[in-house]
Amino acid sequence: MNIKQDKSGDGLPISRIETIAASVVDPERVGYAGLDKTNCRDWLLKAGDILFSHINSVEHVGKCAVYRGIPEQLVHGMNLLCLRPDPSRLDPEFGKYLIRSASFKTSLSNFINKAVNQASVSIGNLRTIPVSLPPLPEQRRIAAILDQAETLRTQRRAALAQLDSLTQSLFLDMFGTEKAKEWPTTTIADITDEQNGSIRTGPFGSQLLHSEFVGEGIAVLGIDNAVANEFRWGERRFITQAKYRELQRYTVRPGDVLITIMGTCGRCAVVPNGVPVAINTKHLCCITVDQKKCLPLFLHAYFLRHPSARKYLEQTAKGAIMAGLNMGIIKAMPVSLPPLPLQQTFATRIQAIEALKTQHRAALAAQDALFASLQQRAFAGTL
């Protein structure tokens, strides 16, 4: 069956793996197939059907959502199971939360067949998973409580997404392509600190072996610290003070800009104040900018958001998904450099946005913990 991504031509909307987004059925993420209702009557979804992802990556097997009837009639497509609850025994919304519960996931994990690029679970195995169902009124009460908690989490995530969009809009408004024509063009190499090693990658080969990592000491930063396009602590790796003395030239300092050049390439983060003494691995390019010319927050945003920067990286990086990023490419990247006061205004606004994002993330973490507690209590019979 040929499934298209848009509505061009004749056909009906059909569900696919991407249709389940954040535990809801997203009408913008369906496919379209050359079908009509007369030849697919048995495959039309009904309101209350639960769509279940049974062929996916390991972590996404078991994703589910309740179909409530989008503006168009939806056809049941491939790679999703349709679970049609008996309305006299199971409330669909309760069923959704039951499938997402820790106990069900544990049972499901025993039946997942893992392949190289995907995993799956069979209908037969799914049928054998035991479930405990309270009376329908109790199911609806539990589902309503969990719905309220889920709504709060969804609203918080939406607020974070809006703040990300605000950052993009702010950058383009202040430094977009047309405005950039007014400023001199330089390169990243020309805006770095004049000290030796202002652009560097980490130790290669036998300089640093995995066997030399220890439980505590000097931190070693890698891809996981920059992959979210902001600095985050991921896996904690350390070396001894003695090893650090050998590798001291790879020291990372607050204000340095980190760019991933191996694995997931092209991600970028600024090292914040308060980070303890650390070095970076060979998977990162670390840039110490001359802050009399360029502010780290501006370079971070320029690298990620400016159309000219993205075009340059796409054209010069070798291989798929920018797999060929290296120091030479980064050094030569052209930068349209605005006046420092304008950069400072941008940095101040970005810091205010980041402070709001920090507050929202803390609130979201609390809401996630509340939801997990409510869900655990719901399926332990104590809610």
Side-chain angles (χ1 to χ4, degrees), residues 171 175 183-204 207-208 218-234 237-239 241 243-262 265-306 309 312-313 316-317 325-344 346-348 350-351 354:
F171 179 84
F175 309 114
W183 304 313
T185 298
T186 183
T187 64
I188 285 184
D190 291 332
I191 59 175
T192 57
D193 194 288
E194 293 182 358
Q195 67 177 334
N196 187 36
S198 56
I199 302 181
R200 59 210 179 272
T201 57
F204 274 81
Q207 287 182 299
L208 180 60
I218 303 300
V220 180
L221 306 182
I223 291 175
D224 51 321
N225 300 110
V227 74
N229 287 326
E230 60 183 36
F231 186 89
R232 294 182 185 176
W233 285 111
R237 300 167 292 269
F238 302 94
I239 54 174
Q241 285 283 353
K243 187 64 181 180
Y244 172 67
R245 286 193 288 271
E246 297 177 24
L247 304 175
Q248 196 165 351
R249 63 186 177 279
Y250 302 112
T251 299
V252 172
R253 298 175 178 84
D256 283 351
V257 179
L258 304 176
I259 298 172
T260 61
I261 59 173
M262 295 183 185
C265 296
R267 305 300 177 89
C268 186
V270 178
V271 180
N273 293 327
V275 168
V277 177
I279 67 169
N280 60 287
T281 67
K282 64 184 179 181
H283 301 102
L284 296 175
C285 178
C286 182
I287 302 172
T288 302
V289 297
D290 180 350
Q291 297 196 31
K292 295 178 181 178
K293 298 178 181 177
C294 179
L295 298 182
L297 284 175
F298 169 77
L299 181 59
H300 171 263
Y302 187 91
F303 188 88
L304 293 174
R305 303 180 186 280
H306 199 284
Y312 168 82
L313 292 171
T316 55
L325 276 184
N326 56 52
M327 278 208 306
I329 290 173
I330 293 170
K331 285 181 177 181
M333 189 175 88
V335 179
S336 180
L337 195 62
L340 196 61
L342 194 60
Q343 295 182 46
Q344 291 168 336
F346 173 74
T348 299
I350 289 299
Q351 287 165 344
E354 289 301 321

Residue pair D224, R237: steps toward the side chain to side chain contact (heavy atoms under 4.5 Å, CB included) verdict
CA-CA 11 Å; D224 51 321; R237 300 167 292 269; 3.0 Å; yes

Look only at the side chain of K243 and the backbone of L208, and say whether a donor-acceptor pair between them is shorter than 3.5 Å.
no

With the side chain counted from C-beta on, respond yes when Q207 and K282 share a heavy-atom pair under 4.5 Å apart, and no when they do not.
no

So, do I279 and I239 sit near enough that their side-chain heavy atoms are less than 4.5 Å apart?
yes

Contact summary for G266 and L304, nearest pair of heavy atoms
O-CD2, 4.0 Å

Using a 4.5 Å cut-off on heavy atoms from C-beta on, say whether the side chain of P296 contacts that of L299.
no

Plane angle bin for W233 and F231 - parallel if under 30°, tilted between 30 and 60°, otherwise perpendicular:
perpendicular

What distance separates M327 CE from I188 CD1, expressed to the nearest 0.5 Å?
12.5 Å

Distance (rounded to the nearest 0.5 Å) between M262 CE and N326 CG
9.5 Å

Could you report the tightest heavy-atom contact between I199 and A189, atom names first, then the distance?
CD1-CA, 4.1 Å

Side chain T201, main chain C285, donor-acceptor under 3.5 Å
no

Flag, side chain of T260 to backbone of R267, donor-acceptor distance under 3.5 Å:
yes

Please tabulate, for the side chains in residues 333-341, all donor-acceptor contacts under 3.5 angstrom to protein atoms that are two or more places apart in sequence or on a different chain.
unit_1 : atom_1 : unit_2 : atom_2 : d
S336   : OG     : A180   : O      : 2.8

Taking the side chain as C-beta and beyond, is there a heavy-atom pair between I261 and I330 under 4.5 Å?
yes

So does N229 get a backbone contact from the side chain of H300, meaning a donor-acceptor N/O pair under 3.5 Å?
yes

Using 0.5 Å steps for rounding, measure from the NZ atom of K331 to the CG atom of D190.
11.0 Å

Locate the shortest heavy-atom distance separating H283 from I223; write the atom from each residue and the value.
CB-CG1, 3.5 Å

Close side-chain approach of Q351 and L297, heavy atoms under 4.5 Å:
yes

Set out, in order, the CA-CA distance, both residues' side-chain angles and the distance that settles side chain to side chain contact (heavy atoms under 4.5 Å, CB included) for F303 and L313, then state yes or no.
CA-CA 9 Å; F303 188 88; L313 292 171; 3.6 Å; yes

Considering all heavy atoms, the nearest A269-N225 contact:
CB-O, 4.3 Å

About how many Å separate CG of L284 and CD1 of I259, when rounded to the nearest 0.5 Å?
9.5 Å

In chain order, what residues pass the ring-ring contact (aromatic ring centres under 6.0 Å, His included) check against Y302, with sequence neighbours excluded?
F298, H306

To check you understand the geometry: which heavy-atom pair defines the closest contact between R200 and T288, and what is its length?
NH1-OG1, 3.1 Å

Would you say the side chain of Q344 lies within less than 4.5 Å of the side chain of L295, judging by non-hydrogen atoms?
yes

Sorted by chain and residue number, the side chain to side chain contact (heavy atoms under 4.5 Å, CB included) partners of Q248 (sequence neighbours excluded) come out as Y244, T251

Within this structure, what is the CD1-OG distance for the pair I191 and S198, rounded to the nearest 0.5 Å?
10.0 Å

Write down the atom of N280, the atom of C286, and the distance for their closest heavy-atom approach.
OD1-CB, 3.9 Å

